[in-house]
Amino acid sequence: MFPSSSPLLLVVFFISLGVSVTSISVRRGAPLDITPEQSNESFTYLWPLPAEYTSGDEALAVDPALVLTVAGNGGGSSILRAGFERYKGIVFKHTGYGFGFMRKLRERLVSSVSAYDVDTLKITVHSDNEELQFGVDESYTLLVPKAKDSSQVTIEANTVYGALRGLETFSQLCSFDYTTKTVKIYKAPWSMQDKPRFAYRGLLLDTSRHYLPVTVIKQIIESMSYAKLNVLHWHIIDEQSFPLEIPTYPNLWKGSYTKWERYTVEDALEIVNFAKMRGINVMAEVDVPGHAESWGTGYPDLWPSPYCREPLDVSKNFTFDVISGILTDMRKIFPFELFHLGGDEVNTDCWNNTSHVKEWLQNHNKTARDAYQYFVLKAQEMAVSNNWSPVNWEETFNTFSSKLHPKTIVHNWLGPGVCPKVVAKGFRCIYSNQGVWYLDHLDVPWDEVYSAEPLEGIHTASEQELVIGGEVCMWAETVDSSNVQQTIWPRAAAAAERLWSQRDSTKQNVTGTALPRLQNFRCLLNKRGVPAAPVKNYYARRAPIGPGSCYEQ
């Protein structure tokens, strides 16, 4: 591009592409990842809000050649190192990270006249146990030094998964300054001690009403990690389609919409492993005995009759053989200790209106309601025998609470006031009140999602501990790959902070304090490639109504 006789011109050209190394200015106390015009020094632009933290008024420049040093028994974890590289790519996206010669030349030019304040990230992980199960320790501490005191940011955690949460917070502290073309940490020094309020922080994803490709599911899992959600509730199968491969009963996925809209065993394993690398468990659901019409496409004997196709036929041993085979195969894929067995919206008219099922009921002296209980409890026994704790929708508790297996976790959805009844009887509960945490309800505004309280009406500490957390639910009747992420985000983030952050720190002046941070987080998602919709739309997932800043929509 340049003649060989013009080396000076070459250097000048590259300097013009790099930062203005002689005029770096420090903007103190500015918000994170937000324009100067919108700055408000009293705000902390982190989402979800950490449990405890202090900050200062300094701005630190971060070296794009940031070095990772590790310590502790778990410091050598491949999960940790992959997480560091992933976040390094996010933080230094605009600095030429990964562009080899250009990046190295820029660093050399900058370092010749200006030292970075932060050049090392030290992460200490005390445990080398990488098992990801319910209740894994996700706490961490994060320290950002004062300028000149040290050039090292430190994260300390008991597990690699706590370290991943610390990395996410660190990435949100880092903001690209377009004027100086450097990454800055504002409001330093920082000191944080952080941990989640609830152990279970979930998102339900429905791949039966519309098929979602594996790449899209992985994108959603990635975005979940940004909000510190930690359970993907994969509602794989429903009455409309059965897309998952079950080797023991290979005809089941004939119930998929088409032969191109399926998940192989290898696909499912890939999703589980991808999620684990981000500290996210995958809880699968097989909803029985209702919502199962698609099963009979491959095995018609599972239908009570060709004209009455659900609930599954309670009178046949074959029905339970198939369920047993499904659970045995799925146990090889899903290591999470919780497994969802559904049990909701069971209309038993089909049993009463099918002659051989009606005869079976009479011979066993059962009503259709009794048979519903029999079916659910039998499925629970199978799940427990596979070393799972069964999760069931609340109808099972509402109908026969005293008969449920003691390990049962009751999943609320119909409305408020259920979890208090559940924990009063000694069961654990997951909160998903459809009035506020069903994402397919497009007219529920962000502040109602944010203000929902899983512990509402529960006052004793022992009973509060039985509420393991909650999840937002993305039912897919009207979503597919074209709009699913816009519908999930940013409202799912509102619930994510409720589930992570301490209640006292997030319940006051929601519009004044939470809204600007949520708008900032939505813009952060957009910058990371997540198509999150504007926060203040009356209907979720709608596009902006006109020109304007991301931070004000």
Side-chain angles (χ1 to χ4, degrees), residues 200-224 229 231-246 252-253 255-258 261-263 267-268 271-272 275 280-295 297 310 326 330 333-334 336 338-346 391-395 411-414 430-442 444 449 470-489 491-492 495-496 531 533 540-541:
Y200 184 107
R201 307 179 306 281
L203 167 68
L204 179 146
L205 200 61
D206 171 12
T207 59
S208 175
R209 275 53 181 263
H210 281 98
Y211 175 83
L212 294 175
V214 172
T215 52
V216 174
I217 295 174
K218 289 165 73 172
Q219 289 167 5
I220 292 169
I221 291 170
E222 189 82 70
S223 66
M224 288 172 65
L229 294 173
V231 179
L232 177 72
H233 173 180
W234 191 3
H235 188 87
I236 311 174
I237 302 155
D238 211 292
E239 63 189 64
Q240 291 86 356
S241 71
F242 195 118
L244 181 66
E245 178 185 17
I246 303 295
L252 281 170
W253 70 354
S256 61
Y257 287 118
T258 67
E261 296 171 289
R262 292 173 172 175
Y263 304 103
D267 289 335
I271 288 167
V272 169
I280 295 171
N281 273 302
V282 180
M283 177 179 71
E285 178 176 358
V286 174
D287 194 349
V288 292
H291 291 284
E293 180 179 342
S294 62
W295 299 35
T297 304
E310 60 181 18
I326 292 172
M330 293 180 78
I333 302 171
F334 300 100
F336 190 39
L338 308 186
F339 190 89
H340 209 300
L341 291 168
D344 63 312
E345 298 182 322
V346 179
V391 183
N392 283 98
W393 295 108
E394 69 175 73
E395 286 95 327
H411 195 165
N412 152 247
W413 75 277
L414 286 171
I430 296 171
Y431 176 88
S432 290
N433 176 3
Q434 65 171 336
V436 286
W437 280 10
Y438 266 33
L439 298 175
D440 55 311
H441 294 190
L442 302 180
V444 178
V449 178
E471 72 178 31
V472 285
C473 300
M474 186 64 270
W475 299 105
E477 282 85 352
T478 65
V479 298
D480 63 8
S481 296
S482 69
N483 61 0
V484 63
Q485 295 195 75
Q486 294 93 323
T487 315
I488 292 171
W489 304 109
R491 290 185 303 159
R541 79 181 179 214

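This structure is a prediction, so every number in the text was calculated from the model and none was measured.
- One finds the SG atom of Cys473 at 9.5 Å from the NE2 atom of His441 (value rounded to the nearest 0.5 Å).
- Under a 3.5 Å cut-off, the side chain of Arg491 and the backbone N or O of Leu439 do form a donor-acceptor pair.
- A donor-acceptor contact shorter than 3.5 Å links the side chain of Ser432 to the backbone of Glu471.
- A donor-acceptor pair under 3.5 Å is absent between the side-chain atoms of His411 and the main chain of Ile430, judged by distance alone.
- Between Asp480 atom CG and Thr207 atom OG1 the span is 12.5 Å, to the nearest 0.5 Å.
- Inter-residue side-chain proximity for Phe339 and Val391 is flagged as unmet; no heavy-atom pair is nearer than 4.5 Å.
- Annotation: side chain of Pro531 is in contact with side chain of Gln486 (closest heavy-atom distance under 4.5 Å).
- Side chain of Ser208 to backbone of Ser241: a donor-acceptor contact under 3.5 angstrom is found.
- Residues Val346 and Gly290 share a closest heavy-atom pair of CG2-N, 4.0 Å.
- The shortest distance between side-chain heavy atoms of Leu232 and Met224 falls below 4.5 Å.
- Residues satisfying the side-chain hydrogen bond (donor to acceptor under 3.5 Å, both in side chains) criterion with Trp253, sequence neighbours excluded, are absent altogether.
- Taking the six-membered ring for Trp and thresholds of 30 and 60 degrees, Trp475 and Trp393 have ring planes inclined between 30 and 60 degrees apart.
- For Glu310 (side chain) and Glu293 (main-chain N/O), a donor-acceptor pair under 3.5 Å exists by modelled atom type.
- Looking at Leu341 and Asp287, their side chains never come closer than 4.5 Å, going by heavy atoms from C-beta outward.
- Take Trp489 and apply the ring-ring contact (aromatic ring centres under 6.0 Å, His included) test, not counting sequence neighbours, and it matches no residue.
- Within the 4.5 Å cutoff, the side chain of Ser294 has heavy atoms near those of the Ile237 side chain.
- In this structure Tyr211 satisfies the ring-ring contact (aromatic ring centres under 6.0 Å, His included) test together with Tyr263, sequence neighbours excluded.
- Residues Leu204 and Val472 have side chains not in contact (no heavy-atom distance under 4.5 Å, counting atoms from C-beta outward).
- Below 30°, between 30° and 60°, or above 60°: for Trp437 and Tyr431 the angle between ring planes is above 60°, a perpendicular geometry.
- Distance alone, capped at 3.5 Å, places no donor-acceptor pair between the Asp238 side chain and the His235 backbone.
- Interatomic distance, CD1 of Ile326 versus CG of Leu252, reported as 5.0 Å (0.5 Å rounding).
- The minimum heavy-atom distance between Thr258 and Glu261, with the atom names listed, is OG1-OE1, 2.9 Å.
- Of the possible donor and acceptor atoms, one in the side chain of Glu394 sits under 3.5 Å from a partner among the backbone N and O of Leu414.
- Looking only at side-chain heavy atoms (C-beta outward), Val484 and Leu205 come within less than 4.5 Å of each other.
- Minimum heavy-atom separation, Ala275 to Val282: CB-CG2, 3.8 Å.
- For Asn392 (side chain) and Gly342 (main-chain N/O), a donor-acceptor pair under 3.5 Å exists by modelled atom type.
- The line from CD of Glu245 to CG of Asp267 is 9.0 Å long, rounded to the nearest 0.5 Å.
- Checking side-chain atoms of Asn483 against main-chain N and O of Thr478 turns up a donor-acceptor pair under 3.5 Å.
- For the pair Val272/Phe336, no side-chain contact is recorded, criterion being any heavy-atom separation below 4.5 Å from C-beta on.
- Rounded to the nearest 0.5 angstrom, Ile280 CD1 and Ile220 CD1 are separated by 11.0 Å.
- For Glu345 and His291, the side-chain atoms include at least one donor-acceptor pair closer than 3.5 Å.
- Judged by distance alone, with hydrogens and angles left aside, the side-chain atoms of Asp206 form no donor-acceptor pair with the main-chain N or O of Met474 at under 3.5 Å.
- Asp440 contributes atom CG, which lies 9.5 Å from atom CZ of Arg209 (distance to the nearest 0.5 angstrom).
- Between His340 and Trp234, the gap from one ring centroid to the other reaches at least 6.0 Å.
- Closest approach of Ile246 to Met330, counting heavy atoms only: CD1-CG, 4.2 Å.
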